[in-house]
Amino acid sequence: MEVVERQVRQWLEAVVIGLNLCPFAGTPYRNGQVRIAVSHAATEETLLATLQNELLLIDGTPGTAVETTLLVMAGILGDFDAYNQFLAEVDRLLRKEGWEGKYQVASFHPRYQFLGTKEDDASNLTNRSPWPILHIIREASIDRALSDYPEPETIPVRNIEKMQALSPEERRDFFPWLLESP
């Protein structure tokens with residue numbers, strides 16, 4: 001578990017924060033408000049229960065203690081298509097528990113691929129992580145962060161441009177897990 005968490009922290013520090021893909025991630029990370037929970041669930045049912053527990057934890061914890069949670073899946077959903085299909089279950093859970101509009105779940109995966117792109121398209125790197133991850137985000141935090149950020153709609157475009165500008169060497173350095181076979 002320590003290896004998985006270390007790899008996720010390296011990705012957060014080097015890629016997400018280091019390349020400023022998320023301009024709002026640095027402060028809560030430096031303040032120790034980012035929870036990284038590693039799950040070794042072997043079934044989708046167990047993983048869904050783990051996600052529900054993480055949502056209950058963040059729901060009962062002030063943002064000053066836990067601003068956001070990364071649920072890392074070390075034992076399941078390595079296949080991107082299966083992971084992508086599981087996101088519908090995540091949405092159902094948010095609706096069922098009344099968390100829709102209070103929390104959102106962002107998705108990251110080692111083989112992330114946006115609809116309509118080729119597998120090796122640089123734009124996919126914006127959501128590629130060393131492990132499948134469900135990122136639980138407080139909607140109120142997003143609202144606060146965006147209220148002071150000029151032109152937040154430019155963030156995805158800027159991030160894609162950053163990924164496209166990376167040299168092959170930089171891609172290998174920032175995304176070493178992509179060199180491993182799928």
Side-chain angles (χ1 to χ4, degrees), residues 1-44 46-55 57-58 61 65-87 90 103-114 117 119-138 141 155-156 159-160 162-182:
M1 232 199 259
E2 290 176 12
V3 170
V4 173
E5 184 175 339
R6 183 173 28 85
Q7 290 172 339
V8 170
R9 284 191 185 282
Q10 288 171 339
W11 166 72
L12 275 172
E13 292 168 5
V15 177
V16 177
I17 296 168
L19 293 176
N20 199 31
L21 295 184
C22 178
F24 319 114
T27 299
Y29 184 75
R30 285 186 294 278
N31 292 340
Q33 298 165 295
V34 176
R35 176 176 162 76
I36 298 174
V38 179
S39 170
H40 289 282
T43 67
E44 290 184 13
T46 304
L47 179 59
L48 207 54
T50 303
L51 174 61
Q52 184 171 13
N53 288 337
E54 287 300 321
L55 282 156
L57 185 144
I58 199 170
T61 306
V66 178
E67 177 68 27
T68 190
T69 297
L70 300 174
L71 177 57
V72 184
M73 294 158 277
I76 191 171
L77 298 178
D79 176 76
F80 180 67
D81 289 333
Y83 170 85
N84 207 30
Q85 290 172 9
F86 182 75
L87 295 176
V90 171
Y103 301 103
Q104 67 176 251
V105 177
S107 57
F108 299 92
H109 194 278
R111 300 285 175 222
Y112 199 97
Q113 185 173 351
F114 288 106
T117 64
E119 185 178 350
D120 63 351
D121 192 305
S123 65
N124 296 320
L125 294 173
T126 64
N127 285 58
R128 288 202 175 165
S129 57
W131 295 91
I133 296 174
L134 298 173
H135 179 195
I136 303 168
I137 310 165
R138 297 173 188 266
S141 298
I155 294 170
N159 288 346
I160 289 169
K162 281 182 186 180
M163 295 300 102
Q164 291 170 335
L166 292 176
S167 70
E169 294 79 19
E170 289 171 319
R171 286 184 189 185
R172 281 192 298 275
D173 289 345
F174 286 119
F175 303 94
W177 61 89
L178 296 180
L179 301 175
E180 300 167 6
S181 59

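Note that the structure is predicted; figures quoted are calculated from it, not measured. Just so you know, these numbers use all the heavy atoms, side chains as well, and skip hydrogens, waters and symmetry mates.
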Quiz item: Within the side chain of Thr46, is there an N or O that forms a donor-acceptor pair under 3.5 Å with the backbone of Ala42?
Solution: no
Quiz item: How many angstroms lie between CD1 in Ile58 and CZ in Arg138, if you round to the nearest 0.5 Å?
Solution: 4.5 Å
Self-check item: Gln52: side-chain hydrogen bond (donor to acceptor under 3.5 Å, both in side chains) partners, not counting sequence neighbours
Solution: Glu97
Quiz item: Taking atom OH of Tyr112 and atom CG of Asn124, what is their separation to the nearest 0.5 Å?
Solution: 8.5 Å
Exercise. Taking the side chain as every heavy atom from C-beta outward, state whether Phe86 and Leu48 have any atom pair closer than 4.5 Å.
Key: yes
Quiz item: Considering only heavy atoms from C-beta outward, does the side chain of Arg111 approach that of Tyr83 to under 4.5 Å?
Solution: no
Self-check item: From Leu134 atom CG to Ser107 atom OG, the distance as rounded to the nearest 0.5 Å
Solution: 7.5 Å
Self-check item: Side-chain touch Gln113/Asn84, heavy atoms, less than 4.5 angstrom
Solution: no
Quiz item: For the side chain of Ser129 and the backbone of His109, is there at least one donor-acceptor N/O pair under 3.5 Å apart?
Solution: yes
Quiz item: Is there a side-chain contact between Met163 and Leu19 (heavy atoms, below 4.5 Å)?
Solution: yes
Self-check item: Pairwise distance CD1(Ile137) to SG(Cys22) - rounded to 0.5 angstrom
Solution: 7.5 Å
Quiz item: Are Leu47 and Leu51 side-chain neighbours, meaning at least one heavy-atom pair lies under 4.5 Å?
Solution: no
Quiz item: Measuring from Trp177:CH2 to Arg172:CZ, what's the distance to the nearest 0.5 Å?
Solution: 14.5 Å
Quiz item: Sequence neighbours excluded, which residues qualify as salt bridge (Lys or Arg N to Asp or Glu O under 4.0 Å) partners of Arg9?
Solution: Glu5
Quiz prompt | Residues Thr126, Asn159; criterion side chain to side chain donor-acceptor pair (under 3.5 Å); working and verdict | solution = CA-CA 7 Å; Thr126 64; Asn159 288 346; over 6 Å; no
Self-check item: Main-chain N/O of Ala122 paired to Arg171 side chain as donor or acceptor, under 3.5 Å
Solution: no
Quiz prompt | Test side chain to side chain contact (heavy atoms under 4.5 Å, CB included) applied to Leu166 and Phe174, step by step | solution = CA-CA 9 Å; Leu166 292 176; Phe174 286 119; 4.0 Å; yes
Quiz item: Side chains of Ile160 and Gln164: does their closest heavy-atom pair fall under 4.5 Å?
Solution: yes
Quiz item: Would Arg128 and Phe108 satisfy side chain to side chain contact (heavy atoms under 4.5 Å, CB included), going step by step from the backbone distance to the final call?
Solution: CA-CA 6 Å; Arg128 288 202 175 165; Phe108 299 92; over 6 Å; no
Quiz item: Just wondering, do Pro130 and Pro110 contact through their side chains at under 4.5 Å, heavy atoms?
Solution: no
Self-check item: Ile17 side chain reached by Tyr29 side chain, heavy atoms, under 4.5 Å
Solution: yes
Practice problem: Not counting sequence neighbours, which residues clear side-chain hydrogen bond (donor to acceptor under 3.5 Å, both in side chains) with Thr50? List them please. | Solution: none
Practice problem: Can you run down the salt bridge (Lys or Arg N to Asp or Glu O under 4.0 Å) pairs that involve residues 28-40, sequence neighbours left out, and say none if there aren't any? | Solution: Arg35-Glu54
For residues 68-80, tabulate all N or O donor-acceptor pairs below 3.5 Å that involve a side-chain atom, not counting sequence neighbours.
unit_1, atom_1, unit_2, atom_2, d
Thr68, OG1, His135, NE2, 2.6
Thr68, OG1, Ile136, O, 2.6
Asp79, OD2, Asp81, N, 3.3
Asp79, OD2, Ala82, N, 2.9

Self-check item: Rounded distance [0.5 Å steps], CG in Leu178 versus CD in Glu119
Solution: 9.5 Å
Quiz item: So which pairs with a foot in residues 15-26 pass salt bridge (Lys or Arg N to Asp or Glu O under 4.0 Å), sequence neighbours left out?
Solution: none
